[in-house]
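What follows is a single structure, written as structure tokens, with notes after it.
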Amino acid sequence: MTHPTIVPVILSGGSGTRLWPMSRPERPKQFLALTAAQTMLQLTAARATGEAFGAPIIVANAAHADQVADQLAAVDCAAQAIVLEPMARNTAPAIALAAVAAGGGDAPLLVMPSDHVIADVPAFHDAIHRALPLVEDGWLVTFGITPDAPETGYGYIQVGEPLAEGVHRVARFVEKPPFEAAQEMVAAGDHAWNGGIFLFRADAYLAALGEFAPAMLGAAERAMAGADRDGICVRPQAAAFGESPSDSIDYAVMERAARVAVVPVAMGWSDVGSWDALHALSEIDADGNATGAGGEVVLVDTHGCLVRSDRARVAMVGVSNLIVVASGDDILILPRGRSQEVKRLLDAMKK
């Protein structure tokens, strides 16, 4: 059976502050080469290539237009459209812009954040193909990440009754839980992490928005109708888009719609949400240190550290379990295990 061509939709609007100082508003983490020689954006585009996939649609911050175009060109990725948001309005309106840009018809949209890691791409593709028959029938599908720990930084999806081989109805969405609740859900074995990756027809998504968030749908359609177009770059009309409510796809659509399915999948996924997460993903030496590529790093009697530099030479002696990141004129030093507190540092610097 032949399936319609899948349109990858890559969401590149994030500001990436949790990986400061390398990630900054003007160059967030999707534009950095953190886990491989290619950047996170380039890796995301690469995992949706092949005969099943068409040219991608990128939804990005207007300030990043040149970076998106340059990075895609560097890996010979020809996008069908780069939709440049005039302001941030969260994921639901961003996806609406992409659905309209795709023509609003029955094309399946594979919606992916631009700054996640998927180590097992064949497992991801297998999950996509399991979902396609339901997607063609109008279901909204999300991919549930098989949890390996009671993480409190992710939302969860309770996996309900089977609908097809490897595809289940979503029983419920769970907001980021306290630790004890996360432990119970992981132990029960019927919950998956919400990885923020979706597959649905463009028209099915727009219809759901029309039902549950009509103001958002109207704003997106008006913004695209009045858009400026320069080659593949599409600049939605700012005043119209600014009238859209700001909401995530989970709140606006997925938690409300009736025909929502989940495909549980173990595919080596990470949202690389902290320096600790990057240490867990990185190649480490015999002493447990991860240094990556970039600036010169000299370690003597040093164990279990993540050290990154894009310019300054970093030399460390006799320390353990630290995160040290030097970028430009800024240096971050903190113990491993506390990298979620980077936001506290940024708030303190604002004061």
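The residues of the chain are indexed from 1 along the displayed sequence.
- Put simply, CZ on Arg24 and CG on Leu346 are 9.5 Å apart, with the number rounded to the nearest 0.5 Å.
- Two residues are said to be in side-chain contact when any heavy atoms from C-beta on lie closer than 4.5 Å; Met216 and Asp247 meet this criterion.
- Within 6.0 Å of atom OH in Tyr251, 12 or fewer heavy atoms from other residues, nucleotides or ligands are found, so the atom counts as exposed in its surroundings.
- Judged by distance alone, the side chain of Asp276 and the main-chain N or O of Gly337 form a donor-acceptor pair under 3.5 Å.
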**OP:** Apply side-chain contact (heavy atoms from CB on, under 4.5 Å) to the pair His303 and Asn321, showing each step before the final yes or no.
**Re:** CA-CA 6 Å; His303 304 275; Asn321 299 321; over 6 Å; no
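- Note on ring orientation: taking the six-membered ring where Trp is involved, the planes of Tyr156 and His191 are perpendicular (angle over 60°, cut-offs 30° and 60°).
- A donor-acceptor distance shorter than 3.5 angstrom exists from the side chain of His279 to the backbone of Gly288, with no hydrogens or angles considered.
- When every heavy atom of Ala192 is checked against every heavy atom of Pro147, the shortest pair comes out as CA-CD, 4.0 Å.
- To the nearest 0.5 Å, atoms CZ (Phe198) and CE (Met112) are separated by 12.5 Å.
- The closest donor-acceptor contact from the side chain of Ser244 to the backbone of Gly242 lies at 3.5 Å or more, if one exists at all.
- Looking only at distances, no side-chain donor or acceptor of Ser12 sits under 3.5 Å from a matching main-chain atom of Val59.
- Side-chain heavy atoms closer than 4.5 Å link hydrophobic residues (I, L, V, M, F, W, Y) into clusters, and following such links, even through other members, never connects Ile82 to Val75.
- Residues Ser274 and Ser339 share a closest heavy-atom pair of CB-OG, 3.2 Å.
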**OP:** Give the C-alpha distance, both sets of side-chain angles, the deciding distance and a yes or no for side chain to side chain donor-acceptor pair (under 3.5 Å) between Gln237 and Arg222.
**Re:** CA-CA 8 Å; Gln237 208 271 327; Arg222 291 192 303 275; over 6 Å; no
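- With rounding to the nearest 0.5 Å, the separation of NE2 in His125 from CG in Leu110 is 8.0 Å.
- Ion pairing of Arg18 with Asp115 is absent here, as no side-chain N (NZ or NE/NH1/NH2) approaches a carboxylate O to less than 4.0 Å.
- Here the straight-line distance linking atom CZ of Arg336 with atom CG of Leu306 works out to 8.5 Å at 0.5 Å rounding.
- Separating the CZ atom in Phe124 from the CH2 atom in Trp269 is a distance of 12.0 Å, to the nearest 0.5 Å.
- Taking a 6.0 Å sphere around CG of Asp329, one finds it holds 12 or fewer heavy atoms contributed by other residues, nucleotides or ligands.
- Side-chain contact between Leu84 and Asn61 is absent, with no heavy atoms from C-beta onward closer than 4.5 Å.
- Looking at heavy atoms from C-beta onward, Val174 lies out of side-chain contact with Ile157 at the 4.5 angstrom threshold.
- Under a hydrophobic clustering in which Ile, Leu, Val, Met, Phe, Trp and Tyr are joined whenever their side-chain heavy atoms come within less than 4.5 Å, directly or via other members, Leu43 and Leu34 fall into different clusters.
- The closest side-chain donor-acceptor pair between Ser248 and Asn90, if any, does not fall under 3.5 angstrom.
- Remark: side-chain polar atoms of Trp275 are paired, donor with acceptor, to backbone N or O of Trp20 under 3.5 angstrom.
- In terms of modelled atom types and a separation under 3.5 Å, the side chain of Arg311 and the main chain of Ala326 share no donor-acceptor contact.
- Counting heavy-atom neighbours within 6.0 Å of Arg338 CZ, excluding the residue itself, gives a total of 12 or less.
- Atom CG of Leu11 is separated from atom CD1 of Ile58 by 9.5 Å, given to the nearest 0.5 angstrom.
- Side-chain contact between Ile6 and Leu132 is present, with at least one heavy-atom pair separated by less than 4.5 Å.
- Of the possible polar contacts, one joining the Arg259 side chain to the Asp137 backbone as a donor-acceptor pair under 3.5 Å is found.
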Subject >> Working for side-chain contact (heavy atoms from CB on, under 4.5 Å), residues Cys305 and Met316 >> reply: CA-CA 10 Å; Cys305 293; Met316 296 164 58; 3.9 Å; yes
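- Note on Ile323 and Val342: same hydrophobic cluster, where clusters join Ile, Leu, Val, Met, Phe, Trp and Tyr whose side-chain heavy atoms are under 4.5 Å apart, directly or indirectly.
- Considering every non-hydrogen atom in both Ala48 and Phe53, the closest pair reads O-CB, 3.4 Å.
- Shown here for Pro21 and Asp330, the closest heavy-atom pair between the two residues is CB-CB, 3.8 Å.
- Contact annotation: the side chain of Arg229 approaches that of Met224 to within less than 4.5 Å [non-hydrogen atoms, C-beta and beyond].
- No donor-acceptor distance shorter than 3.5 angstrom exists from the side chain of Asp287 to the backbone of Asn289, with no hydrogens or angles considered.
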**OP:** Take Arg172 and Glu255 through the salt bridge (Lys or Arg N to Asp or Glu O under 4.0 Å) test and state the conclusion after the steps.
**Re:** CA-CA 7 Å; Arg172 63 171 181 147; Glu255 295 182 11; over 6 Å; no
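- Looking only at distances, a side-chain donor or acceptor of Gln71 sits under 3.5 Å from a matching main-chain atom of Phe31.
- Criterion: ILVMFWY side-chain heavy atoms under 4.5 Å apart, direct or through other members. Under it, Leu217 and Tyr205 are part of a common hydrophobic cluster.
- A donor-acceptor contact shorter than 3.5 Å links the side chain of Gln80 to the backbone of Ala55.
- Residues Lys29 and Leu19 come closest through the heavy atom pair CD-CD1, 3.7 Å.
- In terms of hydrophobic clustering, with Ile, Leu, Val, Met, Phe, Trp and Tyr side chains grouped at heavy-atom distances under 4.5 Å, Ile333 and Leu299 are assigned to a common cluster.
- Side-chain contact between Val325 and Met22: present, with at least one pair of heavy atoms (C-beta onward) separated by less than 4.5 Å.
- At a threshold of 4.0 Å, the pair Glu85-Arg235 does not count as salt-bridged, since none of the basic side-chain nitrogens sits closer than that to a carboxylate oxygen.
- Here Asp190 pairs with nothing under the salt bridge (Lys or Arg N to Asp or Glu O under 4.0 Å) rule; sequence neighbours left out.
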**OP:** Carefully, step by step, assess Lys176 and Tyr154 under the rule side-chain contact (heavy atoms from CB on, under 4.5 Å).
**Re:** CA-CA 5 Å; Lys176 295 176 183 177; Tyr154 303 141; 5.7 Å; no
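- With a 4.5 Å cut-off on side-chain heavy atoms, Leu209 and Pro214 do not count as touching.
- Side-chain contact check for Val9 versus Pro56: every heavy-atom pair is 4.5 Å or farther apart.
- Between Val265 and Ala123 the shortest heavy-atom distance is CG2-O, 3.8 Å.
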Original post:
Could you walk me through whether Val167 and Trp139 pass the side-chain contact (heavy atoms from CB on, under 4.5 Å) check?
Top reply: CA-CA 11 Å; Val167 187; Trp139 285 74; over 6 Å; no
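- Put simply, the residue from Leu206, Val111, Val253 that forms a side chain to side chain contact (heavy atoms under 4.5 Å, CB included) with Ile95 is Val111.
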